[in-house]
Number of protein chains: 2
Amino acid sequence: MSFADMSVSPSNPSISSNLSGSSLLVAWQLKGKTVLIVGGGEVASGRIEAVLSADAKIVILAPAKGLHPRTKRFIELCPDRVTYYDRRFSGPAELYKMDMVLTALDDPSSSRQIVELCREQRIPVNAADIPDLCDFYFGAQIRDGPLQIMISTNGSGPRIAALLKSKLSGALGGYEGEAIRRVGELRERLKERAPGIGGAVSRRRMKWMSQLCNEWDMEDLTQLDRATIARLLDEGWEQNRVPSLRDLGGKPKVKQGKDNPQSTSQDLNTIPHGGSTVLPVTLGFIAGGVSVALLLMYHRR
Amino acid sequence: MSFADMSVSPSNPSISSNLSGSSLLVAWQLKGKTVLIVGGGEVASGRIEAVLSADAKIVILAPAKGLHPRTKRFIELCPDRVTYYDRRFSGPAELYKMDMVLTALDDPSSSRQIVELCREQRIPVNAADIPDLCDFYFGAQIRDGPLQIMISTNGSGPRIAALLKSKLSGALGGYEGEAIRRVGELRERLKERAPGIGGAVSRRRMKWMSQLCNEWDMEDLTQLDRATIARLLDEGWEQNRVPSLRDLGGKPKVKQGKDNPQSTSQDLNTIPHGGSTVLPVTLGFIAGGVSVALLLMYHRR
């Protein structure tokens, strides 16, 4: 397994041996953009949800008789952001002012025609089920507030991506999204206190934030409310140190990670939050106890 | 936690409550494309690796004195795909024939100028450390062959993304990339046998492949070599069924998942491969047995 952004010491710039065969995974920004979706079936409904979640406006072109119930719901739910036309794609004029185009049709030749028109106008385009025509692919996704995880198999196995999604979801504790939201808030407050883009102040901010995220348990970051953030900036940033949550009057959660000596191993860190080791240990304990009891009782007879 | 592509029954089209605040995560395709990278420092070197891995050609603009050792290595390693100019960005002509532009400069005003030129020409652009200027963000990444996982915090916490990367890496078994590669190969062979895009044959292929991925353990998919694939197509696809690996003469790996009745719960499926449930159960069993034995021995005295 190789890590695309592994850190490397300048003296030994190790390079991944496999510089090919992957995609460039990116988080595309759609706020204030308009996306054309051609098709209204089940696949289209998934696209519509993803694009709406990314704050885009949407134009849907699809005959009403083929609309999936979810597509209908999105049209009803978001009249301010979704414009629906009960017809097929009619020609190049449909692409006017579009920032992205997604087709989800059961008709490859129509998709191909739309993709060619998009190429001429440099509009990013995805045609569902026809990877050769796509500027980009979608993958299975996990979302928890500001946290988004995409699992891409580079077109090789959508079902495996879905299976991995369940596996990885289970490895999360459920508090990560909230931790990220709070850290984002802290970063904003810090930028107000020590403004500037680039240069020394930017580096110092980045270093201090990193140190905080390294030293605090992720679950404890969820306790960064307004008052705690203010104290953290006063007693931490201003004095060039990273106080603990306890220093700031907070109560650390029961640790799964850093404070628990068992969890220093990489393997155990991956056990999902919520006592999943407790159950097998307990079951084993009971089974062992009962077995020995039965064995001894049998011997005594 | 919400799942962007959760399946929904048509009769009850449940809709995620939070249709905003996220990015559109996509796997961008760069094969045959050219990417301009402005800057050659540490951040640029990470961009260069990601873009080279996605099979793009690269033009780097950066004064030689600021090159990171890894940037230098990439320039040396891939002379056929990397063109390097020892100078700064000079103006709009640099964008000629570029499909994407990434800046990684310690100078926000230069970045801003480059981004504006890109916008005029509809070239997707990312300016490191200036989220407001970006068409797309990067995230922490895990790669294992054709498997790529991106962790995005929507700009709120790059350090948390890195921490989550270690956590999620640990939840993987290390065989997933190989399983995906083999499944991709099977899909290719299946398409040769039953060609066609869209329509009934496409749906039947998709259904059969899904069924296979659901019924086989992921680790067993790594055993899909050329001969096994041929038998699987003959004895499975042609007869409209999914034989097990054992049916095909293969030897299933020791199961952590489907064959173990304990593991039918969603939670236990997430425990990483490698005996992590076996160990706690065994320890519990021994502890339970010893406790009861001691207790009974104590009573007998």
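Residue numbers begin at 1 in each chain, while the letters A, B, ... track the order of the sequences.
Only the side chain of Arg81(A) comes within contact range of chain B, with at least one heavy atom under 4.5 Å from a heavy atom of that chain. Only the side chain of Leu30(B) comes within contact range of chain A, with heavy atoms under 4.5 Å apart. Contacts between Lys33(A) and chain B at a heavy-atom distance below 4.5 Å involve the side chain alone, from C-beta outward. For a residue to count as touching a neighbouring chain, one of its non-hydrogen atoms must lie under 4.5 Å from one of that chain's; by this rule Pro146(A) touches chain B with backbone and side chain alike. Of the atoms belonging to Pro131(A), not a single heavy atom falls under 4.5 Å from chain B. Contact annotation for Arg122(B): both backbone and side-chain heavy atoms come within less than 4.5 Å of a heavy atom of chain A. Heavy-atom distances place the side chain of Ile123(B), and not its backbone, under 4.5 Å from chain A. When heavy atoms are compared at a cutoff of 4.5 Å, Cys78(A) approaches chain B solely by way of its side chain, counted from C-beta outward. No part of Lys31(B) comes within reach of chain A, as not one of its non-hydrogen atoms sits under 4.5 angstrom from that chain. Proximity to chain A (any heavy atom under 4.5 Å) is shown, for Asp107(B), by neither the backbone nor the side chain. Neither the backbone nor the side chain of Arg181(B) comes within contact range of chain A; no heavy atom of the residue lies under 4.5 Å from a heavy atom of that chain. At a 4.5 Å heavy-atom cutoff, the contact between Gln121(B) and chain A is made by backbone atoms alone.
Of the possible donor and acceptor atoms, one in the side chain of Ser22(A) sits under 3.5 Å from a partner among the backbone N and O of Ser53(B). One N or O on the side chain of Asp55(B) and one on the backbone of Gly21(A) form a donor-acceptor pair closer than 3.5 Å.
To the nearest 0.5 angstrom, Asn154(B) atom CG is 9.0 Å from Ile180(A) atom CD1. Distance check, rounded to the nearest 0.5 Å: CZ of Arg159(B) to CE of Met206(A) gives 13.0 Å.
Judged purely by distance below 3.5 Å, without hydrogens or angles, the side chains of Ser152(B) and Gln148(A) never pair a donor atom with an acceptor atom.
Leu164(A) places a side-chain heavy atom less than 4.5 Å from the side chain of Glu176(B). In this structure, Leu25(B) and Leu25(A) have side chains that are not in contact, with every pair of non-hydrogen atoms separated by 4.5 Å or more. Between Ile160(A) and Leu221(B), the closest side-chain pair of non-hydrogen atoms falls below 4.5 Å. Residues Ile149(B) and Met150(A) form no side-chain contact, since every pair of their non-hydrogen atoms from C-beta on lies 4.5 Å or further apart.
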**Study point:** Leu168(A) and Leu172(B): CA distance, side-chain angles, deciding distance, side chain to side chain contact (heavy atoms under 4.5 Å, CB included) verdict
**Key:** CA-CA 8 Å; Leu168(A) 296 178; Leu172(B) 295 172; 3.9 Å; yes

**Study point:** Chi angles and distances behind the side chain to side chain contact (heavy atoms under 4.5 Å, CB included) call for Met100(A), Leu24(B)
**Key:** CA-CA 11 Å; Met100(A) 175 176 274; Leu24(B) 189 73; 3.7 Å; yes

Point to revise | Step-by-step side chain to side chain contact (heavy atoms under 4.5 Å, CB included) determination, Leu163(A) to Asn214(B) | key: CA-CA 8 Å; Leu163(A) 291 170; Asn214(B) 285 337; 4.1 Å; yes

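For Arg112(B), the CZ atom counts as loosely surrounded, since its 6.0 Å shell holds 12 or fewer non-hydrogen atoms of other residues, nucleotides or ligands. The environment of Arg205(B) atom CZ is dense: over 12 non-hydrogen atoms of other residues, nucleotides or ligands sit within 6.0 angstrom.
Residues Ala171(A) and Lys167(B) come closest through the heavy atom pair O-CE, 3.4 Å. Contact between Gln29(B) and Cys134(A) at its shortest, heavy atoms only, is CG-O, 3.8 Å.
With chain B as partner, the option from Asp106(A), Leu147(A), Leu52(A), Asp135(A) having the largest number of non-hydrogen pairs under 4.5 angstrom is Asp135(A). Between chain A and the residues Gly184(B), Ala54(B), Pro124(B), the most heavy-atom pairs under 4.5 angstrom are made by Ala54(B). Between chain A and the residues Ala179(B), Ser111(B), Gly145(B), Ser210(B), the largest count of heavy-atom pairs under 4.5 Å involves Ser210(B). In terms of heavy-atom pairs under 4.5 Å with chain B, the best-connected choice from Val183(A), Val35(A), Leu105(A), Ile130(A) is Val183(A).
Remark: Phe136(A) pairs with Phe138(A), Trp28(B) by the ring-ring contact (aromatic ring centres under 6.0 Å, His included) rule, at least two apart or across chains.
Ion pairing of Arg203(B) with Asp129(A) is absent here, as no side-chain N (NZ or NE/NH1/NH2) approaches a carboxylate O to less than 4.0 Å.
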